[in-house]
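This report refers to the structure that appears directly beneath it.
The chains referred to below are lettered A, B, ... by the order of the sequence lines, with proteins before strands, and numbering in each begins at 1. Computed from a prediction, not measured in an experiment: that's the story for all the values here.
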There are 2 protein chains.
Amino acid sequence: MTVEGSLTNTVGFLLGKLGQQANGQFADRLAPLGLRPRHCAVLELLAGGPRAQLELAKAVGVTPSVVVDMLDELETLDAVRRVRDTADRRRQLIELTSTGLDLRHQTLSLARQNDEELLSAIDPTEVAALRQILGRIAAATGLVEK
Amino acid sequence: MTVEGSLTNTVGFLLGKLGQQANGQFADRLAPLGLRPRHCAVLELLAGGPRAQLELAKAVGVTPSVVVDMLDELETLDAVRRVRDTADRRRQLIELTSTGLDLRHQTLSLARQNDEELLSAIDPTEVAALRQILGRIAAATGLVEK
DNA sequence: TATTGTTATACTCTATAACTATA
DNA sequence: TATAGTTATAGAGTATAACAATA
């Protein structure tokens, strides 16, 4: 048993450590695809329809110049297309290509594999409870658009 | 309700996001003390007795040169002392000073405040369940020495 | 010759600010 | 004059590798 009154027992500390671990493992799985976790959030958003770059920046929580880089990379992979908005020629609408959609399915599958590995030590009913509680905290802190 | 089959529903994704959030909030609380989350792990370890720098590096999971920097900072704060090991003069044993011990108490208190803020949306029995499950996952993945 | 700690260097990630083209 | 996107630059944070002292 861990020492009472220790930092290690803190939920925040555990979340930090486990989050880093989960993210690192996920990044390793994504690497062969030429993607990193950040890209997945973009693919996910674009699956809901085309978006402008600044919209993506705000939604993913990164600065616009980072979005430019990510989209350059995704374009190199033929995962997305930049199409000029005819109504406002300053904007570019980012569309998911068919290979982008396929890539998104793959990342989703990898994310599930990642979960399985991460959660292999605890039983299914607890996994469900965990997912539910984490989802509620994320929603409460506004981390995820409901 | 969130879309079924979405990355956002994944435990790994939620852990990553929440971990980053928890860590950021904790870092903000620590900033006035001149500390960052990493330092807390060092203070915690040293509370169990003096350690050599390479031991600290391995335990905290950072590279030796980073430990040098962290200890320089902690020494500036008078939180730790480097004392040459008389048995092996290459080693330096790092000791917690009394102000370091005090600092450790403060960081623990801040970590608890952080938990309260983070978990304000969910009720106590669920918090207990969450802490228990996270602790078990962390132990299973070897993230925390039991 | 190997090991502890240190320093110097480089690399990644991200943010800031200047720039263009459109509005 | 303001906005969308881009580029250039700089700042954290971290890792790698060369180095001095000791074993």
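Residue Val66(A) has its side chain nearest to dA15(C) when only dT4(C), dT7(C), dA15(C) are considered. Of the candidates dT16(C), dT4(C), dT6(C), dT16(C) carries the atom nearest the Ser65(A) side chain, counting heavy atoms from C-beta on.
Inter-residue side-chain proximity for Arg38(A) and Val42(A) is flagged as unmet; no heavy-atom pair is nearer than 4.5 Å. With contacts defined as side-chain heavy-atom distances shorter than 4.5 Å, the pair Arg82(A)/Asp72(A) qualifies. Residues Leu30(B) and His39(B) fail the side-chain proximity criterion, which asks for heavy atoms closer than 4.5 Å. Using a 4.5 Å heavy-atom cutoff, the side chains of Leu71(A) and Val67(A) are in contact.
Residues Phe13(A) and Leu7(A) approach most closely at CB-O, 3.4 Å, considering heavy atoms. Minimum interatomic distance between Asp115(B) and Val11(A) (heavy atoms only, all atoms of both residues): OD2-N, 2.8 Å.
As judged by a 4.0 angstrom heavy-atom cut-off over every strand, Arg84(A) is placed among residues making no nucleic acid contact. As judged by a 4.0 angstrom heavy-atom cut-off over every strand, Asp88(A) is placed among residues touching the sugar-phosphate backbone only.
Remark: P of dT9(C) and CG of Asp69(B) are 15 Å apart, rounded to the nearest angstrom. Separating the NE2 atom of His39(A) from the P atom of dC13(C) is a distance of 10 Å, rounded to the nearest angstrom. Rounded to a whole Å, the CD1 atom of Ile94(B) is 13 Å from the P atom of dT4(C). Between Met70(B) atom CE and dT6(C) atom C1' the separation is 15 Å, expressed in whole Å. Rounded to whole Å, atom C1' of dT3(C) lies 8 Å from atom CG of Leu54(B). What separates CG of Asp85(A) from C1' of dA21(C) is a distance of 14 Å, to the nearest Å. Spacing between atom CD of Gln92(B) and atom P of dT3(C) amounts to 19 Å, rounded to whole angstrom units.
Taking the C1' atoms of five terminal pairs at each end of the helix from dT1(C)-dA23(D) to dA23(C)-dT1(D), the two resulting helix axes are inclined by 20°, rounded to 10°.
Thr10(B) places no side-chain N or O within 3.5 Å of a backbone atom of Gly12(B) that could act as its donor or acceptor partner.
Checking Arg82(B) against Arg89(A), the closest nucleotide of DNA chain C that is more toward the 5' end is the one next to Arg82(B). Residues Asp72(B) and Val62(A) both approach DNA chain C. Their nearest nucleotides, taken by heavy-atom distance, put Asp72(B) toward the 5′ side.
On the nucleic acid side, DNA chain D contacts chain A at distances under 4.0 Å to non-hydrogen atoms, with the end points of that region at dA2(D) to dT7(D).
Every residue meeting the side-chain hydrogen bond (donor to acceptor under 3.5 Å, both in side chains) condition with Asp85(A), not counting sequence neighbours, appears here in chain and number order: Arg91(A).
Side-chain contact of Arg29(A) with Gln25(A): a donor-acceptor pair under 3.5 Å is absent, judged by distance alone.
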